[in-house]
Amino acid sequence: MNVNTKHDFKPFNVDLWKHDGQAGALIPLLQSAQDTYGYISEAAIDHISHITGVPAAEIYGVVTFYAQFRTKPLGKYVIKVCNGTACHVNNAKPIADAVTDELGITYDETTDDGDFSMLSVACVGCCSLAPVVVINDETYGRLTPAKTRKVLREYKREAKKTQQEKDA
Amino acid sequence: MFYSPVITNGSEAAASDKLHLFKYVEDSEQYKLMTFESHGGYKAWKKVLTEMQPQQVIDEVKNSGLRGRGGAGFPTGMKWGFVPKDSSKPRYLCCNADESEPGTCKDRVLMERDPHGVIEGMAIGAYAIGCHTMFIYIRGEFNHCIDRMEQAVEEAYAKGHLGKNIHGSGYDLDMIVHTGGGAYICGEETALLNSLEGERGMSRIRPPFPAIEGLYACPTIVNNVESLAAVPHIINRGAEWYRTLGTEKSAGTKLFSLSGHVKRPGNYEVELGFSLKKLLYDPAYGGGILGDKKLKGVIPGGASTPFLTPEMIDVNLDYESLTAVGSMLGSGAVIVFDEDTCIVWVIQKLIQFFKHESCGKCTPCREGTGWLKQIIDRIEAGGGQPGDIEKIEEICGNILGRTICPLGDAAVMPIQSSIRLWREEWQYHIEHGKCMVKTEFPFK
């Protein structure tokens, strides 16, 4: 898995914590942790608690409140299937089924090789492109099951290529 | 390059003397400061700094009749006027860009394609209330908007539109781009402020209202992206001009996000008071229902507003007219359902969403949405029991108006209206264990 587990915490921007003398930037600090490690580990929570003086339990409360934060590592490609109202009525379920069929994972699961994770999200704000799937930062709209498979196969090829380059 | 290929009526707006928010939305360079300035950008900001007193700005916006575009429709100028003039505390302006109401995708387009327009509107608002640090709270999922906005802020600083002693006026203004963590509730202003302070996004009891005690207990104004984006145009062309747009009580233009079963889903800027029927069927807008099917219903203002039936769509899109037919203008997200859509199936998705997004602070909403989800899941799965509808109605009645923030109301209003309008369909689902209509998907 492509996750740094050493936890040296150097990339953390501690300055984020100070803003106009107001302690308020817990969320940017957590985002920075997640950007660095791919998820928020217990060690990261402890470290942030140490910097900020906010109790670890409270930070855990914040982490689990927001949809963005993950306490488990995810795959290299994160597939977010939109299940907002507009996508729902425009065929989101067959799209999700196509992902499951193609990759063998369902919501909140990661493939064994650590390449793909599948998540359900409620509305990504591209309702006029429904149905929508977001893979990492790329948005794919007006999908059909066939188009979804095509996109996924491209990602699979890419993943395979990176793996081969790594092996070589 | 556009990040998202959303259909807009930008070409119509470009040729129009009235439409202004989307005037340059189809110009792929508009996000750059140079292009923005060549289109008259930051002119209003300079005018405000050199020629106007804060009170004059507030009065101008008040006279324009601009109302909040985030959903509640509260007059923007009046809100600004609530900030105490004699307070020694710092004041804050926060632009609410946590657009997460299902169906709403208008602010995203503004931020991606015209970020400086938003900054200019925010700066003018900040000046009006005497604020020197302003925030924009952008939804975490909107990566492209965040990139664009950060880039635009950097450009604005470099050109002296933000920073210290702006354009020699002696006025200082800083801007911070804050990325949200992903929670629907943070679109509610007090929850947004809690989130900005680094806490869980739970709403606060009002009063005190944020204008008196908001961020860090200082006077704070929270405005929607679209409301602020309209402000520079009001300053440039005057309140009188703005009043000529729209209707008497709903002045100006509004962005509508059209989605669901229509041929041309997209974002359209129209004057308030525009006909909903025209928005759905006119070839320049929605272009009719997908597959030329019949219309079953419309949600006119985002997932939390009551449904309209085909008999009710002869309505004008403004705050008063929609209230008169029992719905709301909300955020302007028009979601369309064709005749083959099972209403229970739609509501099931909605209640799943609201249950997940309930912040958990107020018991009626936290528990009630969970109960509703259990019952509706069961009905959809074919296990409906006699008395279920009455039970749903009772729970809804116990949530409505009994929570701190409007999320509780938002969760139950579409359910109540769906039962009111399509009761026999719910009944059929419970009795026969299946949908009354055959749900057919538009794309195969």
Side-chain angles (χ1 to χ4, degrees), chain A residues 16-17 19-32 34 52 54 58-59 61-69 80 82-95 120-132 134 136-139 141-147, chain B residues 3-7 90 99-105 107-108 133 139-144 176 178-184 186 195-202 215-216 257-261 265-267 299 303 333 335-338 341 345-346 349-350 352-353 356-357 359 441-444:
Chain A
L16 285 173
W17 185 242
H19 158 63
D20 264 5
Q22 306 262 25
L26 180 61
I27 288 162
L29 211 53
L30 288 167
Q31 283 162 343
S32 151
Q34 180 153 295
T52 58
V54 177
E58 212 169 288
I59 298 177
V62 172
V63 168
T64 50
F65 185 87
Y66 294 101
Q68 193 184 50
F69 298 125
K80 295 179 190 154
C82 182
N83 275 299
T85 316
C87 288
H88 180 59
V89 298
N90 276 354
N91 225 9
K93 175 124 198 320
I95 304 292
S120 165
V121 292
C123 198
V124 288
C126 331
C127 309
S128 54
L129 300 177
V132 172
V134 181
N136 286 357
D137 290 343
E138 204 64 49
T139 307
R142 303 225 168 87
L143 287 171
T144 58
K147 256 160 94 181
Chain B
Y3 281 125
S4 46
V6 176
I7 299 175
E99 181 176 63
S100 30
E101 174 87 8
T104 318
C105 48
D107 297 344
R108 180 189 182 109
T133 308
R139 216 184 138 182
E141 284 87 343
F142 285 5
N143 302 2
H144 299 317
I176 293 165
H178 181 95
T179 313
Y184 170 71
C186 293
S195 177
L196 208 52
E197 290 181 14
E199 289 175 25
R200 286 196 270 174
M202 287 177 157
L215 189 63
Y216 306 119
S257 313
L258 195 55
S259 67
H261 300 144
N267 281 295
I299 292 184
I335 312 177
V336 182
F337 306 98
D338 70 25
T341 316
W345 179 68
V346 171
K349 206 74 214 174
L350 280 180
Q352 281 176 1
F353 173 76
H356 183 260
E357 296 300 337
C359 81
F441 294 117
F443 309 113
K444 283 282 164 12

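Computation of the quantities below employed the complete heavy-atom set of this structure, encompassing side-chain atoms and omitting hydrogens, waters and symmetry-equivalent molecules. Reminder, nothing fancy here: chain letters follow the sequence lines and each chain counts from 1.
Neither the backbone nor the side chain of B/Y184 comes within contact range of chain A, judged by heavy atoms closer than 4.5 Å. Heavy atoms of B/C359 lying under 4.5 Å from chain A belong to its backbone as well as its side chain. For B/T104, the part sitting under 4.5 Å from any heavy atom of chain A is the backbone (N, CA, C, O) and nothing else. Neither the backbone nor the side chain of B/Q352 comes within contact range of chain A, judged by heavy atoms closer than 4.5 Å. In this structure, the portion of B/L350 lying under 4.5 Å from any heavy atom of chain A is its side chain and not its backbone.
Interface remark: of the candidates B/G260, B/S257, B/G140, B/G260 forms the most heavy-atom pairs closer than 4.5 Å to chain A. Between chain B and the options A/D137, A/V134, A/T139, the largest number of non-hydrogen pairs under 4.5 Å is found for A/D137. With respect to chain B, the highest number of heavy-atom pairs below 4.5 Å among A/A86, A/G125, A/C87 belongs to A/G125. Chosen from B/P102, B/S100, B/G201, the residue pairing most often with chain A at heavy-atom distances under 4.5 Å is B/G201. Chosen from B/P265, B/S259, B/A333, B/G181, the residue pairing most often with chain A at heavy-atom distances under 4.5 Å is B/G181.
A heavy-atom distance below 4.5 Å is not found between the side chains of A/T85 and B/K349. At a threshold of 4.5 Å between non-hydrogen side-chain atoms, the residues B/I7 and B/N267 do not count as touching. No side-chain heavy atom of B/T179 sits less than 4.5 Å from a side-chain heavy atom of A/I27. Taking the side chain as every heavy atom from C-beta outward, B/E141 and A/V121 never approach each other to under 4.5 Å. For the pair B/F337 and B/I299, the minimum side-chain heavy-atom distance is below 4.5 Å. Between B/L196 and B/H178, the closest side-chain pair of non-hydrogen atoms falls below 4.5 Å.
Contact detail for B/R139 and A/A122: the closest heavy-atom pair is NH2-O, 4.0 Å.
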